[in-house]
Chemist: 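Below you'll find the structure I mean.
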Amino acid sequence: MSDTYPIRPVTGEEFETWARVVSDTYGEDRTEEDLAVERSATELERTLAAFDEGRIIGGTAACTRVLTVPGAVLPTAGITWVGVTPTHRRRGVLTCLMRRQLTDLYEGGGEPIAALRPSEAPIYGRYGYGPASRGALLRCEKRSMAFLPGTDFGDGRIRLLERDEARPLVEEVYERVRPGAVGWPDRPGNCWDIRLADGPQDRQGATALRHAVHRESGGRADGYALYRIKDGHGDGGRAVQVVELVAVTRRAYAALWRFLAGIDLVPWIEYEGAADEALPYLLADPRAVRAHEVDRLWVRLVDVARALAGRRYALPLEVVLDVRDDFCPWNTGRLRLWAETGTAGCERTAAAPDLRLTPAELGAAFLGGTTLETLARAGRVEELRPGALARASAAFRGAGEPFCPGGPAFPAF
Ligand SMILES: CC(=O)SCCNC(=O)CCNC(=O)[C@H](O)C(C)(C)COP(=O)(O)OP(=O)(O)OC[C@H]1O[C@@H](n2cnc3c(N)ncnc32)[C@H](O)[C@@H]1OP(=O)(O)O
């Protein structure tokens, strides 16, 4: 297949055509301005294009990122720009692109994990990605949002700032939270330009972006909410559309939600939060927050041994994994994973296996959200030594639900 459709990175001259072919598969048009921003964010040597008779028919790209994982911050290939033109779908082009991308990563000694946010959930499991973090689409009717008596809102202050004034404060707050927040990627290069972009296509009919910054009483910024007001044509009312809310302290978190709930003339709030978002527990009526769960970050262990040794575990652990990886055969074999407080290792072994599974299950459990026990109940993890599953499942589990901030419209990478 890769002979039928040769695959290679694109050159600077080819970037625009490549970007238009891929963005067209999302049903989007790109302006010259969009392409210039995207060009500056794209590492050309990490792009791939598939060609048919010299024409680009599909592509993908990897971004050099780090991701917070349980107990560590791990180099991660952020996978993006995935698309195959409609004239060439279902001929295996994506499969070839994915195989080449993962092989390049492994052989180049690159990041031990890859992560992406799929447009559709059935696409990436076959390539060994597993659903590792979830988001919750929250919708709250503001008149039902009575805060519990005694809620500590602190004595900080919230100010609405212009973008240029808000930006350094927002970036600083994000960076204070990120290293301890599992599932959060770094935002190098022009990621913040994209996050704070406010053109008509970013607004999608809503107002300009508002930047509410919370400062603690000492004056240091410790929280922010980025939001728009969305018109409610036909769907029951106008809404405060929170596109990102980050708080260093619980007081800043509570104060920002009280602020948002207090915006007049807008009866609803919408927000994509974490699967274990604290907001409902601030309220006398937690049902005022209606949640619809969605899968978000999918993780692929490119090099299973390096990846498993790269995170930390909730309990001391000693387990032999029998890994079968049909898509990336270098991972197939038995691995002994051990963990103690603050350290972990993983190496090949000939010992009898305790659990049998594939990288898709390890990817799903990697951030500590999806549990191995849940996957075993679905028949996807086989326990070969009694007791091994419960122990490994508990050790992989994180303190909270992993979350990838940014909301549905913001690319993770
Ligand atoms: C991280 C991101 O960027 S996510 C964005 C992904 N891109 C898009 O959604 C854009 C629109 N879609 C597309 O461009 C294409 O349909 C792609 C990229 C999803 C798939 O490309 P294709 O070249 O058609 O995939 P390919 O032929 O390799 O398919 C491999 C298998 O996946 C299946 N598959 C591919 N896409 C889908 C899908 N959307 N839903 C369900 N199954 C799918 C195929 O049926 C095939 O199954 P089989 O092996 O059992 O026959």
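First listed ligand is number 1; within each ligand, the first listed atom is number 1.
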Chemist: Among side-chain atoms of Arg195 and Tyr174, is any donor-acceptor pair under 3.5 angstrom?
Modeler: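 Side-chain D/A pair, Arg195 to Tyr174: absent.
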Chemist: From the options Ser119, Gly27, Cys96, select the one whose nearest heavy atom is closest to atom 5 (C) of ligand 1.
Modeler: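 Comparing heavy atoms across Ser119, Gly27, Cys96, the nearest one to atom 5 (C) of ligand 1 lies in Ser119.
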Chemist: Any N or O of Leu94 that comes nearer than 3.5 Å to an N or O of ligand 1?
Modeler: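 Checking ligand 1 against Leu94, an N or O pair does fall under 3.5 Å apart.
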Chemist: Cation-pi check for Phe153 against Arg258: NZ or CZ below 6.0 Å from the six-membered ring centre and within 45 degrees of the axis, yes or no?
Modeler: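 Yes, Arg258 and Phe153 form such a contact.
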Chemist: Let me see the working for Tyr5 and Phe51 under ring pair (Phe, Tyr, Trp, His ring centres under 6.0 Å), right down to the final yes or no.
Modeler: CA-CA 5 Å; Tyr5 302 117; Phe51 292 81; over 10 Å; no
Chemist: Identify, by atom number and element, the atoms of ligand 1 in contact range of Gly83, meaning under 4.0 Å from any of its heavy atoms.
Modeler: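 Those of ligand 1 that fall under 4.0 Å from Gly83 are 14 (O).
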Chemist: Around atom OH of Tyr281, are there more than 12 heavy atoms from other residues, nucleotides or ligands closer than 6.0 Å?
Modeler: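 Result for OH/Tyr281: open.
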Chemist: Counting non-hydrogen protein atoms only, what is the nearest one to atom 27 (O) of ligand 1? Give residue, atom name and distance.
Modeler: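 The closest heavy atom on the protein side is Gly92 N, 2.7 Å.
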Chemist: Note the single closest protein heavy atom to atom 41 (C) of ligand 1, along with its residue, its atom name and the distance in Å.
Modeler: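 Checking every protein heavy atom, the shortest distance to atom 41 (C) of ligand 1 gives Pro122 CB, 3.7 Å.
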Chemist: Under 4.0 Å from ligand 1, counting heavy atoms only, is it the side chain of Ile79, its backbone, both or neither?
Modeler: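 Backbone only.
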Chemist: Evaluate the criterion salt bridge (charged side-chain N to carboxylate O under 4.0 Å, His left out) for residue pair Asp193 and Arg167; output intermediate values, then yes/no.
Modeler: CA-CA 9 Å; Asp193 295 333; Arg167 180 168 172 159; 2.5 Å; yes
Chemist: For Arg117, is at least one N or O under 3.5 Å away from an N or O on ligand 1?
Modeler: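 No, no N or O pair falls under 3.5 Å.
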Chemist: Would Val82 count as a polar contact of ligand 1, with the cut-off being nitrogen or oxygen pairs under 3.5 Å?
Modeler: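 Yes.
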Chemist: Between Thr17 and Glu14, does any side-chain donor sit less than 3.5 Å from a side-chain acceptor?
Modeler: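 Checked: Thr17/Glu14 side chains show no N/O donor-acceptor pair below 3.5 Å.
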Chemist: Just which atoms of ligand 1 are under 4.0 Å from any heavy atom in Arg91?
Modeler: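 Result: 27 (O).
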Chemist: Between ligand 1 and Glu120, is the shortest N or O to N or O distance under 3.5 Å?
Modeler: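 So ligand 1 has an N or O lying under 3.5 Å from an N or O of Glu120.
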Chemist: Side chain or backbone of Tyr127 under 4.0 Å from ligand 1, or both, or neither, by non-hydrogen atoms?
Modeler: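 Just the side chain.
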Chemist: Checking side chain to side chain donor-acceptor pair (under 3.5 Å) for the pair Glu216/Thr249: CA distance, chi angles, key distance, verdict?
Modeler: CA-CA 9 Å; Glu216 61 194 0; Thr249 66; over 6 Å; no
Chemist: Please check if a non-hydrogen protein atom sits closer than 4.0 Å to atom 25 (O) of ligand 1.
Modeler: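 At least one protein heavy atom is under 4.0 Å away.
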Chemist: Measuring only between side-chain heavy atoms, which start at C-beta, is Arg377 closer than 4.5 Å to Thr371?
Modeler: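 Answer no - side chains too far apart.
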Chemist: My understanding is that only one of Arg296, Arg134, Arg139, Arg117 makes a salt bridge (charged side-chain N to carboxylate O under 4.0 Å, His left out) with Glu272; could you say which?
Modeler: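 Only one of Arg296, Arg134, Arg139, Arg117 forms a salt bridge (charged side-chain N to carboxylate O under 4.0 Å, His left out) with Glu272, namely Arg296.
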Chemist: Just need the protein heavy atom nearest to atom 19 (C) of ligand 1, so name the residue and atom and give the distance.
Modeler: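 Of every protein heavy atom, Ile123 CD1, 3.6 Å lies nearest to atom 19 (C) of ligand 1.
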Chemist: What I want to find out is whether Arg228 reaches Asp198 closely enough, with some N-O distance under 4.0 Å, to be called a salt bridge.
Modeler: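 Salt bridge present between Arg228 and Asp198.
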Chemist: Which bit of Val84 is near ligand 1, meaning a heavy atom under 4.0 Å away: side chain, backbone, both or neither?
Modeler: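 Both the backbone and the side chain of Val84 come within reach of ligand 1.
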Chemist: Taking heavy atoms and a distance under 4.0 Å, where does Phe413 meet ligand 1: side chain, backbone, both or neither?
Modeler: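 No part of Phe413 is near ligand 1 at this cut-off.
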Chemist: With a 4.0 Å heavy-atom cut-off (strictly under), which part of Arg126 contacts ligand 1: side chain, backbone, both or neither?
Modeler: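 The part of Arg126 near ligand 1 is the side chain, not the backbone.
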Chemist: Below 4.0 angstrom, N of the basic side chain to O of the carboxylate: do Asp326 and Arg324 qualify?
Modeler: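 Answer for the salt bridge query: yes.
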Chemist: What do you reckon, is CZ of Arg143 surrounded by more than 12 foreign heavy atoms closer than 6.0 Å?
Modeler: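 Open.
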Chemist: Does the N or O separation between Thr95 and ligand 1 drop below 3.5 Å for any pair?
Modeler: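 N/O-N/O distance under 3.5 Å: yes.
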Chemist: Could you work out, for atom 36 (N) of ligand 1, the closest of Arg90, Arg99, Glu28 by heavy-atom distance?
Modeler: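 Among Arg90, Arg99, Glu28, the closest heavy atom to atom 36 (N) of ligand 1 comes from Arg90.
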Chemist: Taking distance alone, with N or O pairs closer than 3.5 Å, would you say Tyr124 contacts ligand 1?
Modeler: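 No, Tyr124 has no N/O under 3.5 Å of an N/O on ligand 1.
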Chemist: How far is atom 15 (C) of ligand 1 from its nearest protein heavy atom, and which residue and atom is that?
Modeler: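 Nearest neighbour among protein heavy atoms for atom 15 (C) of ligand 1, to 0.1 Å: Arg89 NE, 3.4 Å.
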